[in-house]
Amino acid sequence: MKNSLKVERAIKDITQEELAKIIGVSRQAINSIELGKYVPSTIFSLKLSRYFEKSVNDIFRLEETD
Amino acid sequence: METRLLLPNKFKLIGWILLVPSAILGIIQIFYLAGSGLKLLDATMFTIYSGSFAPWGGSSIIFGFDKVNLTGTIIGILFILGAVMVAFAKEKHEDEFIAKIRLESFLWATYINYAILLFSFLFFYGIGFMYVMIFNMFTIIILFIVRFNYILYRSTKQLQYEK
């Protein structure tokens, strides 16, 4: 799965730390998602979707291998 | 994410305070005192089973009282309490990502623990195997603590390269 979290974050001009605080997770979690090392839960994804005001499908995208 | 079954974060510090001294004392007791203990800690204790290897052996006591030394008992109890607190206290920012690391570390620790035990079954015999059993009581939780904290440390270190 690919994600555009880093891009979304850049658009909003917000740091990992700030985003982590808003969503209520650790900064490591945000970082690991951006590095493609961690796939967040549905709740986590929906919270990101709510914050960025974009659908989950716009932030996360399936890859051929998924 | 709501994480049940974990202790509050403050137990982590208490855990380390119990764990480190009892680990040092335990190593001293096993290697330098050959399992013997302080005279001060001689006591008569209720026991479910105490005695020789076979329950039907002459000198064994079942559901009775026996004269014992509590040095190893106390060190062991303090170590277990400390290790459980360190292992199962919440992180400051406990979330689903940390929960995943926690679970994976447990799987990893269990695999490694039994790999070591399999190895030891083959290459340790007699009293040597008894030492293996003594240490094996604590290896799962030690391996878990080491691995979990290493992964946390590594993922925190990665943050320095990201903005």
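As the structure is a computational prediction, the values presented were derived from the model and not from experiment. Values below: all heavy atoms of this structure, side chains included; hydrogens, waters and symmetry mates excluded. Each chain gets a letter, A, B and so on, in the order the sequences are listed, and its residues count up from 1.
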Answer with yes or no whether the side chains of B/Glu91 and A/Ser26 bring together a donor and an acceptor at under 3.5 Å. no
State which residues pass salt bridge (Lys or Arg N to Asp or Glu O under 4.0 Å) with A/Glu17; sequence neighbours excluded, sorted by chain then number. A/Arg27
Would you say B/Phe129 has more than 12 foreign heavy atoms packed within less than 6.0 Å of its CZ? yes
For B/Ile48, is the CD1 atom crowded, meaning more than 12 foreign heavy atoms sit under 6.0 Å from it? no
If you group Ile, Leu, Val, Met, Phe, Trp and Tyr by side-chain heavy-atom gaps below 4.5 Å, do B/Phe97 and B/Leu103 land in one group? no
Could you state whether B/Ile112 and B/Phe144 fall into the same hydrophobic cluster, counting links through intermediate Ile, Leu, Val, Met, Phe, Trp or Tyr residues with side-chain heavy atoms under 4.5 angstrom apart? no
Closest approach of A/Ala29 and B/Asp95, non-hydrogen atoms and distance? CB-OD2, 3.4 Å
At what distance, to the nearest 0.5 angstrom, does OG of A/Ser32 lie from CD1 of B/Ile98? 9.5 Å
Looking at CG of B/Leu152 and CD of A/Gln28, how far apart are the two atoms once the value is rounded to the nearest 0.5 Å? 6.5 Å
If you compare all heavy atoms of A/Lys37 against all heavy atoms of B/Lys100, which two are closest, and at what distance to 0.1 Å? O-NZ, 4.1 Å
For A/Ile43, does the CD1 atom sit with more than 12 other heavy atoms under 6.0 Å from it, leaving out its own atoms? no
Between B/Glu96 (side chain only) and A/Ser41 (backbone N and O only), is there a donor and an acceptor less than 3.5 Å apart? yes
Between A/Val25 and B/His93, is any pair of side-chain heavy atoms under 4.5 Å apart? no
